[in-house]
Amino acid sequence: PPGVFRVLCMGASTTEEGPANDLTYPNVLEYLSNNKFGGQHIDVINAGVSGMNSLKHKVKLADYLALQPDLIVVYVAVNDICHDLFKLWVKDAEPWQKRLRESRFLNNHFNAWLLPGEERMVGDIRRAKMSNLRFIVEQARAAGVETVFCTFAAPEPEKLGPAGREYMDCYTLLEWGGRYVTFSSYLRALALFNRETAALGTETGVPVIDVAAELHGGTDLFGDICHMKNRGIEAKARTIFDRISPLLEDRLSQRGLVP
């Protein structure tokens, strides 16, 4: 509607999440924005759908653009890594890696050696994942819509303690990476994914909000390797708000919606 700047939050369960609609990060972001700038000029849409990855967002982009957003905030990584890339990397392991990983001890303590090296990981992330994000940026820009990337946050091992670390390892094995992937390997892949997201932002001129660097916590903020508790959701919303606030102020000023 006239007089409204619309933000669309693109993501999966880590965008959808919250015990109630009012406590999701997009809703907190909307509250913080309107509270700062007054009135109801900021409309934030929670477009998070559980299980989505970058390819599915690419396919669904026309639906997002049909909502006529002015800005798209992208928060993705875990489904791309755990549901796609890890499956590929586990399947393509060398015969000696497949043989050694059958030992639980070797798999747990030397997991990094039983998965591809950094060069292969980065190549696959760029080819299979960053290409989707680049498409989203280009198509959104062609429609007159701005985009912002966020790096993806995870629990910090040093803040977990022994019990928390054991839980994250167990949950990674049961729900995310599968029997041949450890929590440490997930963090390694995520660091590369975040690095490539930041590089793509520089390449395309898209602002990057380093959520991963701002959220420092263990089980006080996170319920598992990616999903957040209320404190984490609010902290993520505040981090994103702090970084896009100057952009919102500029765009609202251009439209004469703030002094």
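A distance of 12.0 Å separates NZ in Lys60 from CD1 in Ile136, rounded to the nearest 0.5 Å. Separation of atoms CD1 (Ile244) and OG (Ser33) is listed at 5.5 Å; rounding is to 0.5 Å. With rounding to the nearest 0.5 angstrom, the CD atom of Glu138 is 11.0 Å from the CG atom of Leu133. With rounding to the nearest 0.5 angstrom, the CZ atom of Arg6 is 6.5 Å from the CG atom of Leu67. Rounding to the nearest 0.5 angstrom, the gap separating the CZ atom in Arg127 from the CG atom in Asn132 is 10.5 Å. To the nearest 0.5 Å, atoms CG (Leu248) and CG (Leu32) are separated by 11.0 Å.
The two residues Gln139 and Leu61 make their nearest non-hydrogen contact at CB-CD2, 3.4 Å. Shortest non-hydrogen contact noted between His41 and Gly38 is CD2-O, 3.3 Å. Contact record, Asn79 with Trp176: OD1-CZ3, 3.5 Å, taken as the closest heavy-atom pair. Of all heavy-atom pairs between Cys9 and Leu29, the closest is SG-CD2, 4.2 Å. Nearest heavy-atom pair across Met121 and Leu115 is CE-CB, 4.4 Å. When all heavy atoms are compared, the tightest approach of Gly51 to Lys56 is O-NZ, 3.5 Å.
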> Run the side chain to side chain donor-acceptor pair (under 3.5 Å) check on Thr182 and Asp169 step by step: do they pass?
Replying inline: CA-CA 6 Å; Thr182 63; Asp169 273 326; 5.2 Å; no

>> side chain to side chain donor-acceptor pair (under 3.5 Å), that's the test. Do Asp250 and Gln254 meet it? Break it down for me.
In response: CA-CA 6 Å; Asp250 179 70; Gln254 291 177 11; 2.9 Å; yes

> Should Lys129 and Glu196 be marked as a salt bridge (Lys or Arg N to Asp or Glu O under 4.0 Å) after you check the CA-CA gap, both sets of side-chain angles, and the distance that decides it?
Replying inline: CA-CA 10 Å; Lys129 302 304 176 181; Glu196 292 305 311; over 6 Å; no

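In this structure, the side chains of Ile209 and Asp242 stay at 4.5 Å or more apart for every pair of heavy atoms. Between Thr15 and Pro26 the shortest side-chain heavy-atom distance falls below 4.5 Å. Side-chain contact between Arg134 and Glu203 is present, with heavy atoms from C-beta onward closer than 4.5 Å. The side-chain heavy atoms of Pro155 and Leu221, taken from C-beta on, include no pair separated by under 4.5 Å.
The ring-ring contact (aromatic ring centres under 6.0 Å, His included) analysis of residues 109-134, with sequence neighbours excluded, yields the pairs Phe105-His109. Applying the ring-ring contact (aromatic ring centres under 6.0 Å, His included) test to pairs two or more places apart or on separate chains, those with a residue in residues 118-165 are Tyr75-Phe152.
No donor-acceptor contact under 3.5 angstrom links the side chains of Asn46 and Asn27, judged on distance only. Between the side chains of Thr14 and His227, no donor-acceptor pair is found at a separation under 3.5 Å. At a cut-off of 3.5 Å, with distance as the only test, no side-chain donor of Asn194 or Thr151 sits close to an acceptor on the other residue. A donor atom on one side chain and an acceptor atom on the other are not found under 3.5 Å apart for Asn230 and Glu234. Judged by distance alone, the side chains of Ser54 and Asp80 do bring a donor and an acceptor atom under 3.5 Å apart. In this structure, a donor-acceptor pair under 3.5 Å is present between the side chains of Tyr180 and Glu102.
Both Phe222 and Ile81 are members of a single hydrophobic cluster when ILVMFWY side chains are connected at heavy-atom separations under 4.5 Å.
At a threshold of 4.0 Å, the pair Arg99-Glu94 does not count as salt-bridged, since none of the basic side-chain nitrogens sits closer than that to a carboxylate oxygen. Ionic pairing of Arg120 and Asp124 is present here: one or more N-O contacts between side-chain nitrogen and carboxylate oxygen are shorter than 4.0 angstrom. Arg255 and Asp70 are joined by a salt bridge, as a carboxylate oxygen and a charged side-chain nitrogen come within less than 4.0 angstrom of each other.
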Check: residues 157-167 side-chain donor-acceptor pairs under 3.5 Å, at least two apart:
unit_1 : atom_1 : unit_2 : atom_2 : d
Arg165 : NH2    : Ser184 : OG     : 2.5
Tyr167 : OH     : Gly223 : O      : 3.1

Using a 3.5 Å cut-off and no angle test, enumerate the donor-acceptor pairs between side-chain atoms of residues 212-219 and protein atoms at least two apart in sequence or in another chain.
unit_1 : atom_1 : unit_2 : atom_2 : d
Glu214 : OE2    : Arg243 : NH2    : 2.7
His216 : ND1    : Glu156 : OE2    : 2.7
His216 : NE2    : Ala213 : O      : 2.7

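In this structure, Arg251 is not positioned above the aromatic face of Phe5 in the sense of NZ or CZ being under 6.0 Å from the six-membered ring centre and within 45° of the axis.
Other residues, nucleotides and ligands place no more than 12 heavy atoms under 6.0 Å from the NZ atom of Lys87. Heavy-atom neighbours of Asn21 CG from other residues, nucleotides or ligands within 6.0 Å: at or below the threshold of 12.
Residues near Val4 contribute nothing to a hydrophobic cluster around it, because no ILVMFWY side-chain heavy atom sits closer than 4.5 Å to its side chain. In this structure, Leu173 belongs to a hydrophobic cluster whose other members, linked by side-chain heavy atoms under 4.5 Å apart, are Leu174.
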